[in-house]
Amino acid sequence: MSQPPYRGLRVVLGFLSLLMAVGGVVLIFSGKHLILRLFLHPPEAEISTLLLFTLKEMGGFTLMLSVLLFFAARDPQRNLAIVDAFIVGLFILSVTPLLSHRMLDIQKIYPGHLIWGRSVVRLALAAVLFYLRPRKRHWEPAGNF
């Protein structure tokens with residue numbers, strides 16, 4: 001029996017889809033106390049209603065991305081655009097916190113080594129996904145020929 005193609009990529013994308021679904025649900029249904037714990041106990045004045053509103057919207061986007069990754073995990077070769085977009089998004093998400101760390105005074109709220117660590121993990125994940133992504137696209141004619 002032959003092995004399904006791109007098994008490693010399918011497993012990684014499925015795991016990331018599950019992780020993002022859980023994260024999205026947590027962001028949508030969390031309150032101020034849970035957000036205080038998740039953000040390593042910042043001053044309570046830093047957690048505003050606008051931040052909570054934005055986090056709930058971000059939870060919706062995370063659930064949307066989770067569904068896209070679920071579909072891409074089912075057939076990575078056919079959904080190569082989703083995989084490529086996720087790789088580029090991870091690269092962008094690894095650079096932007098470093099820019100924020102440089103431009104904003106975030107050090108008193110969030111430790112710098114955690115920002116660097118997250119960026120390195122995201123960049124490494126993007127590199128792994130780039131290594132595992134399908135290289136050749138099997139061409140098929142359109143229609144029923």
Side-chain angles (χ1 to χ4, degrees), residues 3-142:
Q3 293 288 332
Y6 308 110
R7 184 181 195 100
L9 181 61
R10 294 178 69 194
V11 168
V12 170
L13 289 175
F15 176 73
L16 289 174
S17 173
L18 179 68
L19 192 67
M20 289 194 173
V22 170
V25 169
V26 166
L27 285 176
I28 289 173
F29 293 111
S30 65
K32 189 172 187 173
H33 297 292
L34 182 61
I35 296 300
L36 281 169
R37 278 185 78 101
L38 289 176
F39 284 133
L40 304 175
H41 301 288
E44 206 165 321
E46 298 287 338
I47 307 295
S48 65
T49 305
L50 181 61
L51 176 68
L52 293 173
F53 175 76
T54 305
L55 285 177
K56 291 184 186 317
E57 283 194 14
M58 193 184 316
F61 279 112
T62 305
L63 282 177
M64 178 182 65
L65 183 60
S66 171
V67 170
L68 287 173
L69 288 179
F70 174 74
F71 289 143
R74 290 173 56 201
D75 189 6
Q77 190 171 11
R78 193 163 179 217
N79 297 306
L80 188 59
I82 296 173
V83 176
D84 288 343
F86 188 66
I87 292 169
V88 170
L90 280 174
F91 178 76
I92 292 169
L93 283 174
S94 68
V95 173
T96 53
L98 298 176
L99 290 174
S100 295
H101 178 62
R102 182 114 170 120
M103 297 170 76
L104 303 172
D105 188 24
I106 196 87
Q107 186 73 28
K108 62 184 175 186
I109 297 174
Y110 203 75
H113 66 279
L114 291 179
I115 294 173
W116 277 94
R118 267 190 341 178
S119 293
V120 167
V121 167
R122 287 175 179 168
L123 196 59
L125 185 59
V128 166
L129 288 174
F130 184 75
Y131 175 75
L132 293 175
R133 71 184 280 279
R135 298 286 179 224
K136 293 183 182 177
R137 172 94 175 155
H138 181 69
W139 184 82
E140 295 175 1

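Along the sequence shown, residues carry numbers from 1.
One distance of note links NE2 of His101 with CD1 of Ile115; it measures 5.5 Å at 0.5 Å rounding. Rounded to the nearest 0.5 angstrom, Leu125 CG and Ser94 OG are separated by 10.5 Å. The CD1 atom of Ile35 sits 6.5 Å away from the CG atom of Leu52 when rounded to the nearest 0.5 Å. Annotation: the span from Arg10 atom CZ to Gln77 atom CD amounts to 11.5 Å, rounded to 0.5 Å. Distance check, rounded to the nearest 0.5 Å: CG of Leu16 to OG of Ser66 gives 9.5 Å. Within the model, atoms CG of Leu50 and CG of Leu55 stand 9.5 Å from one another, a figure rounded to the nearest 0.5 Å.
When all heavy atoms of Ala73 and Leu13 are compared, the pair lying nearest together is CB-CB, 3.7 Å. Nearest heavy-atom pair, Gly59 versus Leu27, reported as atom, atom and distance to 0.1 Å: CA-CB, 3.8 Å. Counting all heavy atoms, side chain and backbone alike, Val83 lies closest to Ala72 at CG2-CB, 4.1 Å. Pairing each heavy atom of Val12 with each of Leu129, the nearest pair is CG1-CD2, 3.6 Å. The minimum heavy-atom distance between Pro97 and Leu93, with the atom names listed, is CD-O, 2.9 Å. Shown here for Ala126 and Phe91, the closest heavy-atom pair between the two residues is CB-N, 4.4 Å.
Put simply, the side chain of Pro134 reaches to within 4.5 Å of the side chain of Leu9, judged on heavy atoms. In this structure, the side chains of Pro76 and Arg133 stay at 4.5 Å or more apart for every pair of heavy atoms. In this structure the side chain of Leu68 never reaches within 4.5 angstrom of the side chain of Phe86, judged on heavy atoms.
Under the side-chain contact (heavy atoms from CB on, under 4.5 Å) test applied with Ile92, the options Leu90, Thr96, Val95 reduce to a single match, Thr96.
Judged purely by atom type and a 3.5 angstrom limit, Lys56 uses its side chain to pair as donor or acceptor with the backbone of Ser30. At least one donor-acceptor pair under 3.5 Å links the side chain of Thr62 to the backbone N or O of Met58.
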